[in-house]
Amino acid sequence: MPAPLRLHNTLTRKVEEFVPLVPGKVSLYVCGMTVYDHCHVGHARAMVVFDAFVRYLRLRGYEVTFVRNFTDVDDKIIARANERGEDPNVLAQRYVDAFRADAAGLGLVAPDHEPRVTESMPEIIALIVTLIDKGHAYAQDGSVWFSVSSYDEYGKLSHQKVEELRSADEALGKRAPADFALWKAAKSGEPSWPSQWGPGRPGWHIECSAMANMHLGGTIDIHGGGLDLVFPHHENEIAQSECGIARPYVGTWMHNGLLTMTSGQKMGKSLGNVINVHSALEAFPAEALRLYYLHNHYRSPLPWSEDALPEALGMLSRLYDAREKAEAMAGDDEPDALAKELGPDAAAVLELGRAFPTKFHQAVDHDFNTAQGLAHLFELARAVNRFANHKKAKSRGRPIVEAALAAFILVRDAFGLMAMPTHAFHSEVKAKRLAALGLDRAHIEALLSERAAARTTKDWPRADTLRKELEQLRIEVLDLPTGVEWRVRLTAD
RNA sequence: GGUGCGGUAGCCAAGUGGUUAGGCAUCGGUUUGCAAAACCGACACACGUGGGUUCAAAUCCCAUCCGCACCUCCA
């Protein structure tokens with residue numbers, strides 16, 4: 001039996017027990033990208049949060065069917081293509097490819113289905129026909145509109161009142177200001193598909209209703225997306241689906257908070273303050289982004305700043321280094337007796353490691369509180385480090401840290417963090433930081449070997465001069481018992 | 001104007017009425033040839049403000065101030 005979870009439901013605005021329609025199975029639909037530009041670090045938050053959520057559900061024993069769409073026909077795509085004198089389909093495909101590269105870079109698990117609007121046209125048209133037949137929609141001059149007044153629960157997700165809504169697309173043949181397009185009559189030069197109302201294309205919201213139904217069936221357990229989609233997108237999806245397919249449309253609505261700039265404003269394409277995933281991944285490992293997202297609660301706004309990724313990378317290094325110390329320990333004594341012999345720091349690691357799975361799940365089962373789950377891991381890492389200072393830890397400590405090592409594996413499986421061997425992590429960090437700062441590896445290595453030579457002759461002044469020279473290049477030299485290591489400093493000067 | 005979310009130490013931040021969450025920064029100490037990392041300690045009587053309920057409030061209630069988002073481009 002999968003573990004019981006509690007999730008915040010936007011519909012009720014409460015954290016409630018999650019009960020899937022079919023015990024043990026979860027159908028999950030997440031709104032994907034509208035492919036008219038690169039994926040930025042705000043999109044990536046939604047992608048990573050739901051990626052980790054899928055991993056966690058599976059770890060907890062649920063059989064998950066995960067669908068994430070591409071919206072590849074849309075006003076914005078057409079507008080962008082016209083600006084550039086490019087075919088909209090070619091432009092959309094280019095950004096689909098770019099997204100796939102970013103998704104791979106971020107280490108996202110592949111959805112079970114990744115439907116595209118252009119490949120779902122018969123289902124979309126069929127749904128519109130049903131809505132017209134049932135009296136929830138009307139055709140006018142080659143377009144089809146959803147009649148909001150035909151659905152008296154409209155507004156239940158976003159708590160908007162129909163009378164309060166401003167109107168857009170006025171004078172296009174709508175009967176009421178709040179009505180929204182299901183099908184847009186083609187204008188010249190736009191991509192279009194034949195239909196009984198004439199050539200045209202789907203409105204923005206209908207595709208998700210149709211594609212969710214195609215791949216997951218009438219009622220879906222969880223629908224996710226960014227908070228900014230609550231209105232109008234998800235509100236309209238509910239109206240379309242509940243009038244045309246099934247009620248309820250969705251059991252639990254999950255919305256992630258938005259990335260904000262330090263000024264408090266959100267990051268948005270329209271504000272021109274975006275950082276692309278691609279450039280973030282050139283300078284930082286994907287796990288640093290992942291940790292940055294997951295060390296906050298998914299529903300909170302998340303401030304972006306220059307320091308966000310360096311700080312997250314520092315935190316990640318801390319975890320990797322603690323794990324490495326534990327991995328390096330040997331010994332095969334009976335753990336409880338050994339803990340008694342080695343003292344309170346050993347006993348603390350043993351106890352924290354053993355308690356970890358319970359504490360971790362308790363935190364994360366409660367509305368996916370990844371921040372609190374990770375806090376427990378940091379607590380454990382500190383205990384490991386403290387214990388590792390003991391003289392006998394390296395030769396005999398392995399049984400003491402065995403449970404702590406299992407904790408790192410648990411977090412890896414749940415969140416996709418700590419998935420690399422430590423040396424691979426550090427060499428990826430080095431490569432990316434060197435590239436980002438434009439540093440020359442050969443030059444650094446020459447300075448390092450010169451310093452090594454000075455140290456063998458105990459020429460300390462020369463060694464220190466070289467250390468300072470390297471420091472100015474942002475290279476930190478570590479004289480470890482196992483040999484000389486070096487790292488690229490993360491923080492700004 | 002309408003609908004929501006939020007204000008927790010220098011900064012970010014979790015908190016599900018009852019024992020120092022966590023991270024980052026700065027400053028001391030241990031350690032180190034010098035450093036770094038790590039550990040220990042300080043910053044720390046933290047919860048926007050004013051009332052109320054309670055044996056007990058960051059948490060519940062009322063009022064109030066401030067910030068942000070959404071109200072047909074948005075993850």
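Below, chain A is the first sequence line, B the second, and so on; all start at residue 1.
With sequence neighbours excluded, no residue satisfies salt bridge (Lys or Arg N to Asp or Glu O under 4.0 Å) with A/E469.
Contact of the A/V277 side chain with the A/F99 side chain is not registered, since no non-hydrogen atoms from C-beta on lie closer than 4.5 Å.
A gap of 15 Å separates the P atoms of B/A14 and B/G23, to the nearest Å. For the P atom pair drawn from B/A25 and B/C62, the interatomic distance equals 41 Å after rounding to whole Å.
Atoms CD (A/E379) and P (B/U20) sit 12 Å apart, rounded to a whole Å. For the pair A/K391 NZ and B/C39 P, the computed distance is 18 Å after rounding to whole Å. Separating the CZ atom of A/F231 from the C1' atom of B/C70 is a distance of 9 Å, rounded to the nearest angstrom. Following rounding to the nearest Å, A/H295 (NE2) and B/G15 (P) show an atom-to-atom distance of 13 Å. Atom NZ in A/K174 sits about 7 Å away from atom C1' in B/U72, given to the nearest Å. As rounded to whole Å, 15 Å separates atom P of B/C73 from atom CD1 of A/I78. Whole-Å rounding puts the A/L291 CG to B/C12 C1' distance at 13 Å. For the pair A/M254 CE and B/C5 C1', the interatomic distance rounds to 17 Å; values are reported in whole Å.
Within the structure, a side-chain polar atom (N or O) of A/S300 is placed less than 4.0 Å from OP1 or OP2 of B/A14. Distances shown here put a side-chain N or O of A/H43 below 4.0 Å from the OP1 or OP2 atom of B/A75.
Residue A/N256 is classed as a base contact, given a heavy-atom separation below 4.0 Å to a base.
Here the side chain of A/K76 is nearest to one of B/A75, B/A21, B/C73, namely B/C73. When distances run from any side-chain atom of A/E311 to the nucleotides B/C24, B/A75, B/A21, the shortest one goes to B/C24.
Residues A/H278 and A/H38 place their aromatic rings such that the two centres sit no closer than 6.0 Å.
A distance-only check finds a donor-acceptor pair linking the side chain of A/S427 to the backbone of A/A424 [under 3.5 Å].
In this structure, B/A69 forms a base pair with B/U3, meeting either the Watson-Crick or the G-U wobble geometry with both donor-acceptor distances under 3.5 Å. With a 3.5 Å ceiling on both atom-pair distances, the Watson-Crick or G-U wobble partner of B/U26 is B/A42.
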Got a list of protein N/O to nucleotides 26-31 of chain B N/O distances below 3.5 Å?
none

Sort me out a list of protein N/O and nucleotides 16-19 of chain B N/O pairs below 3.5 Å, or just none if empty.
residue, atom, partner, partner atom, Å
B/U16, O4, A/Q372, OE1, 3.3

Would you list the protein and nucleotides 33-38 of chain B atom pairs, both N or O, that sit under 3.5 Å from each other?
residue, atom, partner, partner atom, Å
B/G33, O6, A/R451, NH2, 3.0
B/G33, O6, A/R455, NE, 3.2
B/G33, O6, A/D479, OD2, 3.4
B/G33, N1, A/D464, OD1, 3.1
B/G33, N2, A/D464, OD1, 2.8
B/G33, N2, A/D464, OD2, 2.6
B/C34, O2, A/D464, OD1, 3.3
B/C34, O2, A/R467, NE, 3.1
B/C34, N3, A/R467, NH2, 2.9
B/C34, N4, A/D479, OD2, 2.6
B/A35, N6, A/D479, O, 3.0
B/A35, N1, A/D479, N, 2.8
B/A35, N3, A/R467, NH1, 3.2
B/A35, N3, A/R467, NH2, 3.0
B/A35, N3, A/V477, O, 3.3
B/A38, OP1, A/R318, NH1, 3.4
B/A38, O3', A/N385, ND2, 3.1

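Among residue pairs with one or both ends in residues 38-50 of chain A, none qualify as salt bridge (Lys or Arg N to Asp or Glu O under 4.0 Å); sequence neighbours excluded. Screening residues 343-355 of chain A for salt bridge (Lys or Arg N to Asp or Glu O under 4.0 Å) gives A/D336-A/R354 as the qualifying pairs, with residues at least two apart or on separate chains.
Anti is the classification of B/C43, since its glycosidic angle lies more than 90° from 0.
Here the closest non-hydrogen pair linking A/P301 and A/T260 is CB-CG2, 4.0 Å.
Classification of A/D479 and A/R451 as a salt-bridged pair holds, one side-chain N sitting under 4.0 Å from a carboxylate O. Ionic pairing of A/D74 and A/K184 is not present here: no N-O contact between side-chain nitrogen and carboxylate oxygen is shorter than 4.0 angstrom.
Of the candidates A/R455, A/R462, A/R467, A/R462 is the only one forming a salt bridge (charged side-chain N to carboxylate O under 4.0 Å, His left out) with A/E450. Of the candidates A/L227, A/D367, A/N369, A/D367 is the only one forming a side chain to side chain contact (heavy atoms under 4.5 Å, CB included) with A/R299.
Checking A/D72 against A/Y95 by side-chain atom types alone, no donor-acceptor pair falls below 3.5 Å.
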